Amino acid sequence: MDDLLRALPKAELHVHLEGSIGPETLVELAPSLAVEDVRKRYVYNDFRGFLDAYKWVNGYLRTPAGYALITRRLLERLESEGVVHAEINISAGVIVWKNQDVDAMFEAVAEEAARHPVSTLFIFDAVRQFGVGAAWAVARHAAKWAGNGVAAFGIGGDELAIPLSEFQEVFDFARSRGLRLVPHAGETGGPDEVREAVNRGAHRIGHGIAAAQDAGVMDLLRERDIPLEVCISSNLCTGVVATLDQHPVRRLWDAGVPIVLNSDDPPMFHTTLLNEYRIAAQQFGFAPNELRRLAENSLRYSFRTGDPTRTSGMV
Ligand code: ADE
Ligand code: ZN
């Protein structure tokens, strides 16, 4: 099974660079920590607990060399999983919040990424609860690098904090600079958040699993060909889905909603991209031809090609 999954050419379209740090690598960055302490921090009761841990990890990223190291580790792992292309979220909003130099950090990341056979594009992520002003700063940084390694503007964090509508001008600006839009929506929020993301011009939607609760929203995604970046283990670890059998991945697929499998923050959710495919096969009965189609989706919906002015998914 693993050999078959590894051999499938595939892309990882939703992985956070700062959430890809394994305990050993974090200890390398912060020798005062013990691996066991980090492991304990990588267990959460709920989504808020995860966000606290994510913030804690980010606090140990202080230098361009640190960002380069985690880029290397992530790309080595993705290559070992048969990933040929990765679109990697960078929490630029957190870098700005830490008062660090976004350009210096990204230059180090991009320089490291260029050394690896996995092709990469980057997504500069704002943090929803930091507000519209902070999102503008991220969008301006992203615009500076647009077409030069950065393909999209995203927004993560607490989707319940501020309505997406308040970010419309930021989205319009990002789009006008050739950036695609990839908000997290419908992860902790309901199906209306997914509809809202579509209305604001999303090209892909991070998570979006709440769409399964509303046939109209599923129709909308299908008609507009907008894919959901589904991250099964993440949803379990953050408690947004109570048990594996309640996860809507199979229902979304059977309803014809475009989906792509992803790992989100893999070591923080005790997973890998291959493991997400394995779960789809073993827990949700995805047959080999369906796994192949999922892998094809990951390449099809990547931002390597296509017209950024389109509202729908890429061809
Ligand atoms: N940042 C990193 N992982 C995230 C997630 N799953 N949801 C929202 N923001 C995030
Ligand atoms: Zn995410």
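One-based numbering along the sequence shown. Because the structure is a prediction, the values reported are computed rather than measured. Start at 1 and go down the list; that is how both ligands and their atoms are numbered.
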Nearest non-hydrogen protein atom, atom 1 (N) of ligand 1
H16 CE1, 3.5 Å

For atom 3 (N) of ligand 1, what is the nearest protein heavy atom, given as residue, atom name and distance?
D265 OD2, 2.8 Å

Under 2.8 Å: N/O/S of C231 next to the Zn ion (ligand 2):
no

If you measure from the Lys or Arg side-chain nitrogens to the Asp or Glu carboxylate oxygens, is any gap between D52 and K55 under 4.0 Å?
no

Strictly under 2.8 Å, is the Zn ion (ligand 2) approached by any N, O or S atom of H14?
yes

Given the side-chain rings of W253 and F284, with only the six-membered ring counted for Trp, is the space between their centroids under 6.0 Å?
no

Checking contacts here: is it the side chain or the backbone of E18 that comes within 4.0 Å of ligand 1, counting heavy atoms only? Could be both or neither.
neither

Need the atom name: nearest N/O/S atom of D264 to the Zn ion (ligand 2).
OD1

Charged N to carboxylate O under 4.0 angstrom, E87 versus R204?
yes

Tell me which part of D264 gets within contact of ligand 1: side chain, backbone, both or neither, using heavy atoms under 4.0 Å.
side chain

Does ligand 1 have any atom that is closer than 4.0 Å to a heavy atom of G157?
yes

If you group Ile, Leu, Val, Met, Phe, Trp and Tyr by side-chain heavy-atom gaps below 4.5 Å, do F286 and V241 land in one group?
yes

For the Zn ion (ligand 2), what is the closest N, O or S atom on H184?
NE2

With a 4.0 Å cut-off on N to O distance, would you call R222 and D219 a salt bridge?
yes

Testing the 3.5 Å rule here: is there a donor-acceptor pair between the side chains of H207 and D264?
yes

With distance as the sole criterion, is a donor-acceptor pair present between the side chains of R278 and N275 under 3.5 Å?
yes

Quick check: does L51 get an N/O under 3.5 Å from an N/O on ligand 1?
no

Before accepting this row, confirm whether a basic side-chain N of the pair E36/R39 lies closer than 4.0 Å to the acidic partner's carboxylate O.
yes

Atoms in ligand 1 flagged as close to H207, the criterion being non-hydrogen separation under 4.0 Å:
6 (N)

Nearest neighbour in protein (non-hydrogen) for atom 7 (N) of ligand 1
E187 OE1, 2.7 Å

Does the ring center of F269 lie less than 6.0 Å from the ring center of F50?
yes

Which of the numbered atoms in ligand 1 are under 4.0 angstrom from any heavy atom belonging to F47?
7 (N), 8 (C)

Y54 N/O under 3.5 Å from ligand 1 N/O
no

